[in-house]
Amino acid sequence: MRKTISDLHAELVRNNLVAWTAGNVSGRVPGEDLFVIKPSGVSYDELSPATMVVCDLDGNLVEGAHSPSSDTAAHAYVYRNLPEVGGVVHTHSTYATAWAARGEAVPCVLTAMADEFGGEIPVGPFALIGDDSIGQGIVETLKGHRSPAVLMRSHGVFTIGRDPKAAVKAAVMCEDVAHTVHIARQLGEPLKIAQDDVDRLYDRYQNVYGQRSPR
């Protein structure tokens, strides 16, 4: 898991989702009440499996030579309250965070959004870093919602997934569609997709699209 998390941080850089040392990826350790997360304030160029830190589900450091990310309490709260989640990602990616700065959900106006998010990308409440307030906002917003991404107001993007790679994919897709919908609004009002069509697109993408293992 240390190697997986280290490698996935490179995807944040490759997809232009982070600046300087901001942003983080974490992953639940299968079969354990532990997760691996990026250390606080360490350059992406300096990250390696050895620099990753291990925390328990209360956010306490269990193993590692560095202090864990300043967002550790938020990640820990998500893992404690959403047992199906195996990965969490946080970015301040430009276009998605611009929507968060407005406190506005990204409307479902693209088939790619229906596929990946099952509807709009919702906005979560404003919360300060330092305790699990951000985690509470993430869980409250995403519980019962098909979207794996939430725009925390005036802060940035948090995404969840069944594993860390899925959470990173959701962060990449969130920025991509936020960018496209922003451009569309410069040209006029984007057209929302009917809910029945959203449901059909989401079901197809989640259950039919891609390669499936033979039964």
Side-chain angles (χ1 to χ4, degrees), residues 4-28 35-47 51-53 55 68-79 82 85-106 112-113 116-117 120-130 132-139 141-142 145 147-183:
T4 295
I5 299 304
S6 176
D7 290 348
L8 286 172
H9 278 93
E11 291 298 316
L12 301 188
V13 176
R14 190 167 72 87
N15 286 279
N16 297 312
L17 302 185
V18 293
W20 204 239
T21 62
N24 40 73
V25 180
S26 71
R28 190 192 294 268
F35 64 97
V36 176
I37 193 168
K38 173 180 175 286
S40 178
V42 176
S43 167
Y44 281 84
D45 290 339
E46 299 173 16
L47 296 182
T51 60
M52 297 297 112
V53 296
C55 295
S69 165
S70 58
D71 294 299
T72 296
H75 289 243
Y77 188 90
V78 172
Y79 289 125
L82 298 176
V85 170
V88 179
V89 172
H90 173 47
T91 78
H92 301 152
S93 60
T94 303
Y95 285 90
T97 301
W99 288 84
R102 290 174 51 83
E104 184 177 359
V106 182
M113 290 190 67
E116 183 74 27
F117 302 99
E120 70 176 17
I121 300 175
V123 174
F126 177 77
L128 294 175
I129 299 172
D132 59 15
S133 298
I134 292 172
Q136 292 178 36
I138 296 167
V139 171
T141 305
L142 293 185
H145 203 293
S147 174
V150 56
L151 309 176
M152 294 299 286
R153 185 168 68 83
S154 303
H155 185 172
V157 181
F158 281 86
T159 61
I160 59 175
R162 66 184 178 278
D163 56 40
K165 184 177 181 180
V168 170
K169 178 193 174 189
V172 172
M173 294 298 295
C174 180
E175 177 63 8
D176 181 62
V177 299
H179 188 176
T180 301
V181 179
H182 167 78
I183 291 172

### Task
Just say parallel, tilted or perpendicular for the rings of His155 and His92, cut-offs at 30° and 60°.
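Geometry flag for His92 against His155: tilted rings.
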Restricting to non-hydrogen atoms, name the atom on [X] and the atom on [Y] that form the minimum distance, rounded to 0.1 Å.
X      : Y      : result
Thr51  : Leu47  : OG1-CA, 3.5 Å
Pro122 : Leu142 : CG-CD2, 4.2 Å
Ser147 : Glu120 : CB-O, 3.9 Å
Ala73  : Asp132 : O-CB, 4.0 Å
Ser93  : Glu175 : OG-OE1, 2.8 Å
Ala96  : Val157 : CB-CG2, 3.4 Å

To the closest 0.5 Å, what do you measure between [atom1] ([X]) and [atom2] ([Y])?
X      : Y      : atom1 : atom2 : answer
His75  : Thr72  : NE2   : OG1   : 6.5 Å
Met173 : Ile121 : CE    : CD1   : 9.0 Å
Thr97  : Leu151 : OG1   : CG    : 7.5 Å
Ile160 : Ile138 : CD1   : CD1   : 9.0 Å
Lys169 : Glu116 : NZ    : CD    : 4.0 Å
Tyr77  : Ser133 : OH    : OG    : 9.5 Å

### Message
Donor-acceptor check, side chain of Asp176 to backbone of Val172, threshold 3.5 angstrom: yes or no?
### Response
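No; judged by distance alone, with no hydrogens or angles, the pair does not exist.
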### Query
Quick one: does Arg153's side chain have a donor or acceptor within less than 3.5 Å of a partner on Val123's backbone?
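Not at all, since once roles are kept as given, no pair shorter than 3.5 Å links the two residues.
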Heavy-atom side-chain proximity of [X] to [Y] below 4.5 angstrom:
X      : Y      : value
His182 : Trp99  : yes
Asp71  : Phe158 : yes
Ser70  : Asn24  : no
Met113 : Val181 : yes
Leu8   : Val89  : no
Phe117 : Val106 : no

### Query
What pairs with Lys165 under salt bridge (charged side-chain N to carboxylate O under 4.0 Å, His left out), at least two apart in sequence or on another chain?
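Result, salt bridge (charged side-chain N to carboxylate O under 4.0 Å, His left out) vs Lys165: none returned.
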Give every donor-acceptor pair under 3.5 Å between a side-chain atom in residues 37-44 and any protein atom, sequence neighbours left out.
{"from": "Lys38", "atom 1": "NZ", "to": "Thr21", "atom 2": "O", "distance (Å)": "2.9"}
{"from": "Ser43", "atom 1": "OG", "to": "Asp45", "atom 2": "N", "distance (Å)": "3.2"}
{"from": "Tyr44", "atom 1": "OH", "to": "Ala22", "atom 2": "O", "distance (Å)": "2.5"}
{"from": "Tyr44", "atom 1": "OH", "to": "Gly23", "atom 2": "O", "distance (Å)": "3.1"}

